[in-house]
Amino acid sequence: MSPMLTPQPDWNSLSDEAFRQAAAQFFDLHVPRHLCHLNRRPRWSEVRDWYLTMSEHGWLVPGWPVEHGGMGLSQSKILVYMEELERCGAPRVMDQGLMNLGPVLIARGTEAQRKKFLPKILSGEHTWCQGYSEPGAGSDLASLRTEAVIEGDEFVINGQKIWTSVAFDATHMFALVRTDKTVKKQAGISFVMIDLRQPGVTVRPIRNIAGHEELCEVFLDNVRTPAENLVGGLNEGWNVAKALLGFERVWSGSPRQSTIALLRLSQLARANGKFSDPSFVDKFTQVTMDVLDSAAAYERFAQIIRTGGSFGFEVSMLKIWATETCQRVTELMVEAAGDLGMLAGEVVIGDEAMDILYPFLECRAFTIYGGSSQVQRNILAKNVLQLPS
Amino acid sequence: MSAALSAQARLDDERATQLILLRNSAAEFVRRNKDFKGYRKRREQLPGYDTTHLHQMAEMGWFGLLVPEAQGGLGLGLDELAVIVQELGKGLLAEPLVASTVLAGRALARAPRSTLRDQLLTGLANASSLPALAWQEDSGALEPMAMSTTATLSERGVLLRGTKRLVVGAAGASGFLVSARTEAELGLYWVAANTSGLSMSFEWRADGTPVGRLELESVFVPPECVVSEPGVATLSNLEHAIDEAAILVSAEMLGVMEAALQIALSYMRTRVQFGKPIGSFQALQHKTTDLYVQQELSRAVLAEAVTVLRDRSDAVERALIVSRCKSRCSDAGLRVTREVIQLHGAIGFTDEYDVGLFLKRALVLSAWLGNASAHRRRFAALSPGILGVQA
């Protein structure tokens, strides 16, 4: 990769507020404006330059240690980084390597794996996707059946992954695969890295309910990966994957999506005069409070992160509330549009042009991925409320 | 910078420790005094609480917690009182703390200094005499000006005429802070309980506690008993006190819903139907987690509200967060206690079983000082993004 243009300051010595300013300044200066606030996930070819710009300036990976080319930020500054990135509407890049694989290799990988893979993530040479879900293993992920068999110094992999985001732009996949069928299902899973640029790999995009192609099916037919691409030991995959959940569990419950949805809703209500309809105002006030209280709950967990504390399964309440609130906001948006709520795509309302149905359709996924609302409720019932099974 | 940071951190630490100590002592008070049998006996009896509890609370310093140190109080803040009231709520033991120390106490503390004011605050701090705020009338509206009691100047003082209603803490009160209007302005007047021309009757709330109804027939108020002269400052001080009380009512509601949910959870772990504990059924588990989510949202918005009221002085900002807090806690408290009855089945419907007591307290707390929809209306009216944009 190209060398960084500037020596990196010790970000953690700044106050959160000073760091927020630095982050806002960097993002505002460099972000590609034409790709901000997109109603779809951009292709790698569109965002590659932005990815490389962040990389060259040392702003690509907030969470990795400095020695591996990250910013080495504390959890609280990572939160600030994410909030500022979100605020400027930056397009989403290929981030599975940055957010998920990198931390796994740093925590559980070998020195050789780190040396081989981390620099290529930073340079954009390798782009990663996450191969977890399968047609028969959704909420019950541990029942996955894609199988890896050792042959000499290689794994030979057969099976099918599904709901794999942007696999068509990925050069590599990290995947959970079955390496032992004779033990309890969680105990026979391994975490392996697979080069997708080989025969036997078929990627097929799936058009989603909003008309976009972001999710994929990935077929693995006698696909090979060197045994050294196993991470964290044979049959250790379930533990490796679980260790990834932490910060993500808070972030997935952040109020950012419902806040954006609420802004869109008030834009619509200003455009079509719904703010003079008392029944709408009452519903609008209710969802506004729901969003603000979602932020208040999020802030309590963010505060725990900031002060270096830890939390347990109670964090599941964040995602349930944030995502279901977001859905209610978008449902109210469709309702507030009245008869115009049947129109697809950009709709002219008053002086505005906006897509009424896209937010509604998009956020159907929020309560499904990353542990569905119902799985989150199972987690709360068992681990927090200590109800019997 | 680091010196300032560590000073702030030390302050935060001390405050956190203080809050834990207060929470523990309130929890201990509940452990010793929780007695639902006695609670049932006190229903529809005056004064609506156990006076020995009142004296113990006074000894703990809770009645003087918010009272300025100069008047014999501890001069602490809402965050400290909120943790106590939340814990007391778990044992249905908070009466009459909020009505006396927040509603009446804060209205008094913000009034101009006078001999009477200082005396009343001192009496409140040691609970030897409790003031009650008489501000609402037949409409029960949240706006202090929605009343018709009049204050007319007479030769030697002021004459009050009108009817006050929903006076919480009236039964044990030594006297009343009565709001009355002179033309378009609101003043506050002290009327001792035995004043001639004042007569009092009671209405009973859902939980069997009383609220007073005061008839004021030309009640004479001498100049030294004018607590706060008619004017905008008096009105805004009163609104401030009502907002603070709404936060404390929310804190009590949080305690009420926490206790009710805990009762339901232990029942669900032990009650067996279809050969299994009913807590193992997913339909009931998911219903219960939704109650938990509401409880945690209430906790989060209450924490934010207490912080905003401590650190910020803007009245609109204050009213917005108070309305959010009271709205959430009112809805959540009612929903939790209502659904807890359902989770129990028939036993929850009996007067003998305790969860009904929590539902009735929740009915009181959700309605008192503005229910959820009243606070949503106020929030909307004050939000620049909502109705303000139409103006």
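Here the structure is a predicted model, which means the values were calculated and not measured. Chain naming here is simple, since letters A, B, ... match the order of the sequence lines and numbering starts at 1 in each.
The side-chain contact (heavy atoms from CB on, under 4.5 Å) with A:Ser316 is formed by just one residue from the set A:Asn378, A:Leu380, A:Asn383; it is A:Leu380.
Both the backbone and the side chain of A:Gln286 have a heavy atom closer than 4.5 Å to some heavy atom of chain B. For A:Gln386, the parts lying under 4.5 angstrom from a heavy atom of chain B are both the backbone and the side chain. Both the backbone and the side chain of A:Glu314 come within less than 4.5 Å of a heavy atom in chain B. Interface remark: B:Ser327 contributes side-chain atoms only to the contact with chain A (heavy atom separation under 4.5 Å).
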ask   = Between A:Arg300 and B:Glu304, does a salt bridge (charged side-chain N to carboxylate O under 4.0 Å, His left out) hold up when you go through it step by step?
value = CA-CA 9 Å; A:Arg300 283 175 72 77; B:Glu304 186 181 339; over 6 Å; no
query = So A:Leu340 and A:Ile349, side-chain contact (heavy atoms from CB on, under 4.5 Å) or not? Walk me through it.
reply = CA-CA 8 Å; A:Leu340 298 185; A:Ile349 298 178; 3.7 Å; yes
query = Hey, mind stepping through B:Arg324 and A:Leu292 against side-chain contact (heavy atoms from CB on, under 4.5 Å) and telling me if it holds?
reply = CA-CA 9 Å; B:Arg324 255 179 68 205; A:Leu292 292 170; 3.5 Å; yes
inquiry  = Is there a salt bridge (charged side-chain N to carboxylate O under 4.0 Å, His left out) between B:Arg361 and B:Glu252? Walk through the geometry before answering.
reply    = CA-CA 10 Å; B:Arg361 187 63 185 161; B:Glu252 186 184 340; 2.7 Å; yes
task = Show your working on salt bridge (charged side-chain N to carboxylate O under 4.0 Å, His left out) between A:Glu17 and A:Arg20 and close with a plain yes or no.
result = CA-CA 5 Å; A:Glu17 221 19 69; A:Arg20 186 181 297 280; 3.6 Å; yes
inquiry  = Go through it in stages, so that I can follow the logic: the residues are A:Tyr81 and A:Phe19, the test is ring-ring contact (aromatic ring centres under 6.0 Å, His included), and I'd like the CA-CA distance, side-chain angles, deciding distance and then a yes or no.
reply    = CA-CA 8 Å; A:Tyr81 175 103; A:Phe19 176 71; 7.2 Å; no
request  = Decide yes or no on side-chain contact (heavy atoms from CB on, under 4.5 Å) for A:Tyr298 and A:Arg256, but give the supporting numbers first.
outcome  = CA-CA 10 Å; A:Tyr298 172 77; A:Arg256 67 193 189 280; over 6 Å; no
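The backbone N or O of A:Ala322 sits nowhere less than 3.5 Å from a side-chain atom of A:Thr325 that would complete a donor-acceptor pair. Of the possible donor and acceptor atoms, one in the side chain of B:Gln285 sits under 3.5 Å from a partner among the backbone N and O of A:Pro388.
Contact count versus chain A (heavy atoms, under 4.5 Å) is highest, among B:Arg299, B:His286, B:Lys276, for B:His286. Comparing B:Cys325, B:Gly279, B:Ser298 by how many heavy-atom pairs each has under 4.5 Å with chain A, the most go to B:Gly279.
Interface residues of residues 261-273 of chain B toward chain A, defined by a heavy-atom distance below 4.5 Å and sorted by number: B:Leu265, B:Met268, B:Arg269. Of all residues spanning residues 79-87 of chain B, none has a heavy atom less than 4.5 Å away from chain A's heavy atoms.
Under 3.5 Å, the side chains of B:Gln282 and A:Arg377 contain no donor-acceptor pair of N or O atoms.
Annotation: the span from B:Leu382 atom CG to B:His375 atom NE2 amounts to 11.0 Å, rounded to 0.5 Å.
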